[in-house]
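Report on the following structure.
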Amino acid sequence: MRNKFEEQLQRLHLELIQMGASCEDAISAAAEALLKGDKALVPTALEAERDLDRREREVENLCLKLLLQQQPVARDLREISAALKMISDLERIGDQAADIAELTSCIQVPDHTGVSHIADMTRAVIGMVTDSVDSFVKQDLELARAVCAADDRVDALFDTVRQELIAQISENASWGQQGLDLLMVAKYLERIGDHATNVAEWVEYSITGAHPSNN
């Protein structure tokens, strides 16, 4: 019975790794479509988002099977319960990436500092997503906590982008709509960081039995 449980748990880990990879694909494609003006990458981001929707349903079904058929206890139960929470955040990351991709059709990215910080945000949140999933698979508490700490840098980058875009709009009011669209992109990236943090916090719960929000 335990061997069967371990086999299904390993499958759960693999599915979550694939969800993390799809998140990375969606974010990368959306950001490149925007920053490099390569609209051909938009379908890649949208397809990755659809893949996340499908995988969320598959992982949810797998978790329910583990709960109903294997009747896990203690840490195993926390791990499965955490996975059920995590997949919702991973799916939302795909949604945010798709939102960025859909904005690319109406944005002509200028060459100024704010754009480089949006690229920095993109790299940072992709790293957070990767590490949050890895921390779950490896049950690595320190890595999960590092993800939560990394969110502070993403928040700081968002504040920088916002100030730079406000200054740009003040200098050139005709650029206002473009600036607001780019601010939305930065906000979506900031939300992705929040979702990755949520994943890491559920990893901490699965390991320690205590959610950071309750501390």
Side-chain angles (χ1 to χ4, degrees), residues 1-28 30 45-99 125-151 154 188-215:
M1 182 67 75
R2 183 67 194 183
N3 288 343
K4 178 66 173 178
F5 177 82
E6 292 292 346
E7 180 183 318
Q8 290 180 317
L9 199 60
Q10 182 63 28
R11 182 185 161 200
L12 173 61
H13 289 171
L14 291 174
E15 288 289 343
L16 284 168
I17 289 170
Q18 287 299 317
M19 285 192 77
S22 290
C23 285
E24 294 166 28
D25 291 344
I27 299 165
S28 296
L46 299 180
E47 177 56 35
E49 189 270 335
R50 286 190 290 270
D51 181 67
L52 282 161
D53 288 343
R54 178 179 60 80
R55 289 187 183 279
E56 181 190 25
R57 292 189 293 271
E58 290 179 356
V59 174
E60 186 176 57
N61 288 335
L62 177 57
C63 286
L64 292 176
K65 284 182 181 179
L66 283 165
L67 289 171
L68 295 174
Q69 296 177 4
Q70 305 298 334
Q71 298 180 337
V73 295
R75 183 163 176 169
D76 290 336
L77 179 59
R78 293 200 306 270
E79 188 171 350
I80 297 165
S81 300
L84 279 168
K85 297 288 188 179
M86 290 163 54
I87 58 175
S88 295
D89 280 296
L90 293 173
E91 190 273 335
R92 288 296 296 143
I93 288 171
D95 289 344
Q96 304 290 354
D99 289 336
V125 298
I126 288 175
M128 289 176 68
V129 171
T130 301
D131 288 347
S132 65
V133 174
D134 282 352
S135 70
F136 177 77
V137 173
K138 298 173 183 176
Q139 290 290 280
D140 187 332
L141 181 59
E142 292 308 310
L143 184 57
R145 288 175 172 168
V147 171
C148 296
D151 193 44
V154 173
Y188 287 138
L189 290 169
E190 189 262 343
R191 288 176 180 169
I192 288 172
D194 289 342
H195 287 299
T197 299
N198 289 345
V199 170
E201 288 178 344
W202 282 113
V203 173
E204 181 167 345
Y205 164 78
S206 74
I207 297 170
T208 67
H211 194 279
S213 64
N214 296 328
N215 293 339

[atom1]/[X] to [atom2]/[Y] distance, rounded to the nearest 0.5 angstrom?
X    : Y    : atom1 : atom2 : answer
E190 : D151 : CD    : CG    : 7.0 Å
Q96  : I192 : CD    : CD1   : 6.0 Å
L9   : L66  : CG    : CG    : 6.5 Å
Q139 : E79  : CD    : CD    : 4.5 Å
D194 : R92  : CG    : CZ    : 11.5 Å
L189 : I126 : CG    : CD1   : 9.0 Å

Closest non-hydrogen atom pair, [X] against [Y]:
X    : Y    : answer
I207 : L141 : CD1-N, 3.7 Å
T197 : C148 : CG2-SG, 3.9 Å
P212 : E204 : CG-OE1, 3.3 Å
E49  : G94  : CG-O, 3.2 Å
L12  : C63  : CD1-SG, 3.8 Å
V147 : A196 : CG1-O, 3.8 Å

If you look only at distance, which donor and acceptor atoms sit under 3.5 Å apart when one is on a side chain in residues 17-27 and the other is two or more places apart or in another chain?
{"from": "S22", "atom 1": "OG", "to": "Q18", "atom 2": "O", "distance (Å)": "3.2"}
{"from": "S22", "atom 1": "OG", "to": "D51", "atom 2": "OD2", "distance (Å)": "2.5"}
{"from": "E24", "atom 1": "OE2", "to": "T130", "atom 2": "OG1", "distance (Å)": "2.6"}

Student check: side-chain heavy atoms of L62 and E58 closer than 4.5 Å: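 No, too far: nothing below the 4.5 Å cut-off.
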Min side-chain heavy-atom separation V133-L90 under 4.5 Å: yes
Aromatic ring pairing H211/W202, orientation class (parallel under 30°, perpendicular over 60°, tilted between):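 H211 vs W202 ring planes: perpendicular.
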Distance-only donor-acceptor pairs under 3.5 Å for side chains of residues 81-89, two or more places apart:
{"from": "S81", "atom 1": "OG", "to": "L77", "atom 2": "O", "distance (Å)": "2.9"}
{"from": "D89", "atom 1": "OD1", "to": "H195", "atom 2": "ND1", "distance (Å)": "2.7"}
{"from": "D89", "atom 1": "OD1", "to": "N198", "atom 2": "ND2", "distance (Å)": "3.0"}

Under-4.0 Å salt bridge between E60 and R57: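 No, no charged N to carboxylate O under 4.0 Å.
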Carboxylate-amine/guanidinium proximity below 4.0 Å for D53 and R50: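 Salt bridge: no.
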Test side-chain contact (heavy atoms from CB on, under 4.5 Å) applied to Q69 and Q8, step by step: CA-CA 11 Å; Q69 296 177 4; Q8 290 180 317; 4.2 Å; yes
Contact list for residues 127-146, test ring-ring contact (aromatic ring centres under 6.0 Å, His included), sequence neighbours left out: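 For residues 127-146: H13-F136.
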Test item: R55 side-chain N/O and E15 main-chain N/O as donor-acceptor pair under 3.5 Å: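 Between the backbone of E15 and the side chain of R55 there is no qualifying donor-acceptor contact (under 3.5 Å).
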